[in-house]
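Report on the following structure.
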Amino acid sequence: MHSYANEPSRRWKIIGLIALVCWPVHHYLIGTVSNLSQVAGIPLTVPSVLTIFYGAFWCFRHVFWRGLAWIGLLDVDDLNGTWKGTLRTSHGDNFDEEYPFTLHIEQEWTRISVEAQTESSRSKSTSAFLESDQSGSELTYTYRNRPEPSSEEGMATHEGTAKLRLEEGGRLVGRYYTGEGRGQYGEIKVVRQNQSWLSF
């Protein structure tokens with residue numbers, strides 16, 4: 001996985017809120033652990049505020065953010081899962097022909113990984129930007145593509161950019177284009193097949 005860009009001010013507000021909550025939690029634990037130490041007759045240690053913050057942030061980054069996103073309290077859509085659909089490409093003679101296309105997306109609150117697969121090549125994201133507004137989310141990512149050994153002659157490793165928008169009905173629809181030296185483009189339409197709920 002790699003980090004993805006988003007509205008930084010919103011992220012800092014949430015991080016600040018998590019840090020703010022950690023102080024009363026730490027204060028509560030001091031009293032609770034002190035009472036337990038007296039009852040048990042052994043010294044017990046209270047985690048530091050920093051340790052509590054790290055634990056809370058880890059849980060939020062991996063798990064809790066998805067619940068908030070699902071009920072609409074977070075401005076980031078959860079794109080985790082396997083997406084399948086079709087790809088149309090300018091490579092070749094017939095742009096209208098559709099090819100099977102699969103996306104595997106792993107996402108946390110601050111990191112993401114997008115892997116794509118066709119019959120002739122595989123690609124993996126190298127950077128990403130996820131933008132959300134009232135009309136939905138748009139994922140833009142750069143990728144590095146590597147052809148399969150069985151692919152047709154003339155295909156080579158290359159880089160490109162894809163821009164996909166989450167539409168009503170849970171479809172990702174968009175376009176891609178390759179970098180210098182190839183100048184190709186295409187259209188992508190995929191629908192989520194399954195969704196993974198834990199990412200570590």
Side-chain angles (χ1 to χ4, degrees), residues 1-7 11 61-63 65-66 69-70 75-133 135-200:
M1 281 191 181
H2 53 77
S3 61
Y4 65 89
N6 197 298
E7 178 56 55
R11 281 186 178 173
R61 192 182 75 180
H62 289 278
V63 182
W65 76 272
R66 303 185 70 175
W70 185 70
D75 62 333
V76 176
D77 278 306
D78 181 4
L79 303 179
N80 274 290
T82 299
W83 303 70
K84 291 186 177 182
T86 58
L87 171 90
R88 294 198 303 168
T89 176
S90 63
H91 178 74
D93 300 325
N94 187 5
F95 184 77
D96 292 329
E97 185 173 358
E98 296 183 332
Y99 300 92
F101 184 76
T102 302
L103 275 181
H104 299 284
I105 301 179
E106 292 184 34
Q107 181 187 359
E108 298 173 358
W109 184 50
T110 57
R111 300 195 301 168
I112 197 169
S113 173
V114 184
E115 295 187 14
Q117 181 179 354
T118 67
E119 294 176 341
S120 58
S121 68
R122 294 174 181 265
S123 67
K124 189 170 184 177
S125 61
T126 54
S127 66
F129 177 74
L130 183 56
E131 183 179 18
S132 300
D133 54 34
S135 61
S137 293
E138 187 171 80
L139 172 65
T140 303
Y141 68 93
T142 59
Y143 62 85
R144 181 172 291 107
N145 180 279
R146 290 184 172 85
E148 299 283 8
S150 59
S151 62
E152 64 183 70
E153 196 173 328
M155 293 190 67
T157 299
H158 63 274
E159 296 182 345
T161 301
K163 181 176 289 189
L164 305 174
R165 187 159 192 87
L166 183 62
E167 296 187 341
E168 290 186 10
R171 293 198 315 166
L172 281 175
V173 178
R175 301 175 65 86
Y176 80 90
Y177 57 91
T178 58
E180 296 182 6
R182 293 180 62 88
Q184 296 170 0
Y185 59 91
E187 295 180 352
I188 297 170
K189 295 179 181 179
V190 289
V191 177
R192 182 152 45 194
Q193 305 298 304
N194 58 62
Q195 188 173 15
S196 57
W197 286 98
L198 293 177
S199 56
F200 300 102

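In this structure, the separation between OH on Y185 and CD on E187 is 9.0 Å, given to the nearest 0.5 Å. Note that the CH2 atom of W83 and the NE2 atom of H104 stand 13.0 Å from one another [nearest 0.5 Å]. Rounded to the nearest 0.5 angstrom, E119 CD and L87 CG are separated by 10.5 Å. Taking OG1 from T86 and CD from E97, the interatomic distance works out to 11.5 Å, rounded to the nearest 0.5 Å. To the nearest 0.5 Å, the span separating CZ on R66 from CH2 on W109 amounts to 15.0 Å. In this structure, OG1 on T82 lies 9.0 Å from CD1 on I105, to the nearest 0.5 angstrom.
When side chains are defined from C-beta on, K124 counts as touching S113, because their heavy atoms get closer than 4.5 Å. When side chains are defined from C-beta on, L172 does not count as touching R165, because their heavy atoms never get closer than 4.5 Å. T161 is listed as a side-chain neighbour of T140, based on a closest heavy-atom distance under 4.5 Å. H2 is not listed as a side-chain neighbour of T126, based on a closest heavy-atom distance of 4.5 Å or more. L130 places a side-chain heavy atom less than 4.5 Å from the side chain of S137.
Under 3.5 Å, the side chains of T89 and Y176 contain a donor-acceptor pair of N or O atoms.
A donor-acceptor distance shorter than 3.5 angstrom exists from the side chain of D78 to the backbone of N80, with no hydrogens or angles considered. Remark: the backbone N or O of Y143 is not paired with any side-chain donor or acceptor of S123 at under 3.5 angstrom. With hydrogens and angles ignored, the 3.5 Å screen pairs no side-chain donor or acceptor of E98 with any backbone N or O of R88. With hydrogens and angles disregarded, a donor-acceptor distance shorter than 3.5 Å links the side chain of W65 to the backbone of R61. The main-chain N or O of T102 is never found under 3.5 Å from a side-chain atom of Q193 such that the two would form a donor-acceptor pair. Using modelled atom types, one side-chain atom of T178 and one backbone atom of Q184 make a donor-acceptor pair closer than 3.5 Å. Panel note: side chain S125, backbone S127; no donor-acceptor pair is recorded below 3.5 Å.
Remark: R11 is positioned above the aromatic ring of Y4, its terminal NZ or CZ atom under 6.0 angstrom from the ring centre and at most 45 degrees off the axis.
Heavy atoms only, all atoms of each residue included: Q107 and M1 are closest at N-CE, 3.8 Å. The two residues R192 and L79 come nearest to each other via the heavy atoms NH1-C, 3.3 Å. Among all heavy-atom pairs drawn from V76 and A69, the shortest one is O-CB, 3.1 Å. The two residues S121 and P147 come nearest to each other via the heavy atoms CB-CA, 3.8 Å.
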* To do: Applying side-chain contact (heavy atoms from CB on, under 4.5 Å), run through V173 and V190 and close with a yes or a no.
  => CA-CA 7 Å; V173 178; V190 289; over 6 Å; no

* Could you walk me through whether F101 and T118 pass side-chain contact (heavy atoms from CB on, under 4.5 Å), step by step? => CA-CA 5 Å; F101 184 76; T118 67; 3.5 Å; yes

* Pair L139-I112, side-chain contact (heavy atoms from CB on, under 4.5 Å): steps then yes or no -> CA-CA 11 Å; L139 172 65; I112 197 169; 4.2 Å; yes

